[in-house]
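One structure below.
Atoms considered below: every heavy atom in the structure, side chains included; atoms not considered: hydrogens, waters and symmetry mates. Just so it is clear: chains get the letters A, B, ... in the order the sequence lines come, proteins before strands, and each one is counted from 1.
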Amino acid sequence: MSPVLEVTGLRTHFHTRAGVVKAVDGVSFKLEQGEIMGLVGESGSGKTVTGFSLLGLVDPPGRIVEGSVRLNGTELVGMSERDLRRRRGREISMVFQDPIATLNPMFTVGQQMRMALESHGSISGRAAAARSEELLTMVGIPSPRARLRAYPHEFSGGMRQRVAIAIALLHRPSVIVADEPTTALDVSIQAQILATMRTLATETGTSLIWISHDLAVVSSLATRLAVMYAGRVVEEGPTADILRRPRHPYTQGLIASLPAMAEPGAPLTQIPGTTPSLLSLPPGCPFAPRCPRATAACAAEPVLTRDGTRAVACFHPAEPA
Amino acid sequence: MTYLTIDHVSRHFAPHLTLGEKIAARLGADVETRAVQAVTDVSVTVPRGRTLGLVGESGCGKSTLGRVISGILPPSTGTVLLDGKPVMTGGNKTTTRVQMVFQDPFASLDPRMKVGEAVAEGPVAHGLTTRAKARDYVAGWFARVGLDPALADRYPHQFSGGQRQRIAIARALAMQPDLLICDEPVASLDVSIQAQIINLFLDLRRDLGLTCVFISHDLSVVRHVCDRMAVMYLGRIVEEGATETVFNDPAHPYTRSLLASVPELVLDADDLVQFVPIEGEVPSPHAPPPGCHFNPRCPFAKDICRTEKPPLKPLTADRFAACHFAEEILAGAAT
Ligand SMILES: Nc1ncnc2c1ncn2[C@@H]1O[C@H](COP(=O)(O)OP(=O)(O)OP(=O)(O)O)[C@@H](O)[C@H]1O
Ligand SMILES: Nc1ncnc2c1ncn2[C@@H]1O[C@H](COP(=O)(O)OP(=O)(O)OP(=O)(O)O)[C@@H](O)[C@H]1O
Ligand SMILES: [Mg+2]
Ligand SMILES: [Mg+2]
């Protein structure tokens, strides 16, 4: 079966006055129907911009400069805004990291959900209200009917986040990009959302890209994991395998930083050095300046190389289990 | 020595109804006319240099309480004291000693202002640095939160979520507060940068005696940085105590359910984790259930729980709980 989504050699750059920010610089992956892929990585490594690129939502001065995004066999890169808009929400949708980007402060949540429903065909007010209420219930908002009449600022942070999830689900799209969708949720409601998402994937075949910093959440939801660093995927493979035996030194450093790995109150392990500036990335492996295993070989750029189920972009990867 | 005193603080939000809705409500239509009880009768103290964790269900009133403590939102009743002096008088904030890092860093940054200026603004206005030295001052704080000081000339939309969160942290710290209210300060940071920020908080606490209120859904982070923690449910504190005590042996049934839902790292692909939310419906803050607010979802609820509100009472040396059956639960004798 052909994948639902196939991303090849994606590069998205921002042309700023200070120079070119290579936010996404060579990202490739495939997503099968009903598959949940976790996307993790350093803050600022290009996860959100990757998501935006898939939906054609990158604003100038940003631009997809290279690569291909095929959704259900159709190439999205270079497609007209009008055609993209027809697919957005219906075939592919995104839960934004920043709920403000989804919610307009001037309208009630109910009005916004109705507008989202109307954007892909006419629907009666009654049907729209029923569908909206159904989704707010699904994401665990108490008194959903009363809440439809409330404005975004009257919701708590976690409630806004759940409304954003509900809006992304309105049209039952085949691919959902969920960007940090549960950061503002308590563990109980998070469990409810995760259960809902898994059901969507297994029962309706929705494919998910789950962007998150919470490795525990990713490990319990996503079967496959991609790790990003400085605009590229540096490691990819089955989630449990990567977490048990990370091969890339960045992934290893990430796992060692988990608070669970330290005594309460003691300093936590952190990866030495600082995040590279995407403006002036030196040639070669972008992680080399912070890497304990770097050698002269790392002056060349490592490519993501597949070995069985796992792939890594490193000249000195740790042995897989 | 008590530094922060939260004394019987409550905060509600009245609904703003249009004239039409008011009339409809009179006529018996389904319009919500009751106020939201966001925070109800919360009292807790924090000694100087200590960190209090605030955890609980989404919508239980943590951010509202945080905003009241920071003097951004006046309480409906009750007072907040810093070193014995009220944070607000006559609806106005009276001190810069308390700063807040907001849950939503984008909403708190002016999109038209360069981030370096946003960080410098407060410290310059309050004489912590001068206009001439502001650049270096800001650069110092940028470096401490792991941001390249060269980024100070950019605008908020040019940053990733985690970078914005760190700008918000730098802005609050640059005011050199004695009390910092952090609302989900590390939620959108990768674990390595999260470690760097947590280490920074630990340093500031040790070196400058910074007092913190730390709101977070990430219980492993709370466990790592907080001396004490308060668990909230529907606007009230239901359990409060030394962090390790609460984690090792939670007394309130809500705390127990919450800790049981914490996801763990799954290292075996054949292990299909079941996601177990706490049973029952999340109650509406418009009409909390009578008696103990948690009773409709509580596995131990008895008749008394449906009629009588349990007070927050001392249970063991370093912990309080608001449950009629807390002793039995701790003794493992509750049914
Ligand atoms: N409009 C823009 N102009 C210039 N640079 C930008 C712009 N938007 C994003 N960037 C840069 O692109 C890089 C990637 O950003 P992105 O938001 O994708 O990161 P991320 O991986 O989602 O990080 P986080 O985990 O912190 O959300 C960042 O370094 C950011 O500063
Ligand atoms: N300005 C407001 N107007 C009306 N209701 C409000 C307002 N601010 C908060 N509320 C309500 O008060 C309750 C508590 O909200 P608060 O933001 O304090 O929750 P929280 O514990 O911080 O939740 P989260 O973990 O989701 O951020 C919620 O029911 C919310 O809808
Ligand atoms: Mg992001
Ligand atoms: Mg909040």
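Residue contact with chain A, scored on non-hydrogen atoms closer than 4.5 Å, involves the backbone and the side chain of S220(B) alike. For chain B, the nearby parts of Q192(A) are the backbone and the side chain; heavy atoms of each come within less than 4.5 Å. Residue contact with chain B, scored on non-hydrogen atoms closer than 4.5 Å, involves the side chain of Y250(A) exclusively. Both the backbone and the side chain of L258(B) come within contact range of chain A, each with at least one heavy atom under 4.5 Å from a heavy atom of that chain. For a residue to count as touching a neighbouring chain, one of its non-hydrogen atoms must lie under 4.5 Å from one of that chain's; by this rule V276(B) touches chain A with the backbone only. For a residue to count as touching a neighbouring chain, one of its non-hydrogen atoms must lie under 4.5 Å from one of that chain's; by this rule Q161(A) does not touch chain B. At a 4.5 Å heavy-atom cutoff, P238(A) makes no contact with chain B through either its backbone or its side chain.
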Trace of the side-chain hydrogen bond (donor to acceptor under 3.5 Å, both in side chains) decision for S58(B) with R162(A): CA-CA 10 Å; S58(B) 169; R162(A) 281 176 274 162; 2.8 Å; yes

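The closest donor-acceptor contact from the side chain of S257(A) to the backbone of A195(B) lies at 3.5 Å or more, if one exists at all. A donor-acceptor pair under 3.5 Å is formed between the side chain of N199(B) and the backbone N or O of L268(A). The backbone N or O of A266(A) sits less than 3.5 Å from a side-chain atom of H224(B), completing a donor-acceptor pair.
When S192(B), A260(B), P263(B) are compared by the number of non-hydrogen pairs under 4.5 Å with chain A, S192(B) comes out ahead. With chain B as the partner, the residue from T269(A), T16(A), L243(A) showing the most heavy-atom pairs under 4.5 Å is L243(A). Interface remark: of the candidates Q196(B), R164(B), K62(B), E184(B), Q196(B) forms the most heavy-atom pairs closer than 4.5 Å to chain A. With chain B as the partner, the residue from G158(A), P142(A), S219(A) showing the most heavy-atom pairs under 4.5 Å is S219(A). Considering only heavy-atom pairs separated by less than 4.5 Å from chain A, the leading option among V191(B), D203(B), T243(B), V262(B) is V191(B). Among G59(B), S261(B), G162(B), S160(B), the residue making the largest number of heavy-atom pairs under 4.5 Å with chain A is S261(B).
None of Q163(B), Q165(B), R166(B) except one satisfies the side-chain hydrogen bond (donor to acceptor under 3.5 Å, both in side chains) rule with S43(A); the exception is R166(B). Partner F275(B) forms a side-chain contact (heavy atoms from CB on, under 4.5 Å) with one of V187(A), L194(A), T199(A) and no other, that one being L194(A).
In this structure, the side chains of I278(B) and I189(A) stay at 4.5 Å or more apart for every pair of heavy atoms. Two residues are said to be in side-chain contact when any heavy atoms from C-beta on lie closer than 4.5 Å; V21(A) and R154(B) meet this criterion. Using a 4.5 Å heavy-atom cutoff, the side chains of E264(B) and S220(A) are not in contact. Put simply, the side chain of T274(A) does not reach to within 4.5 Å of the side chain of D148(B), judged on heavy atoms. Side-chain contact between L272(B) and R198(A) is present, with heavy atoms from C-beta onward closer than 4.5 Å. Taking the side chain as every heavy atom from C-beta outward, D190(B) and L254(A) approach each other to under 4.5 Å.
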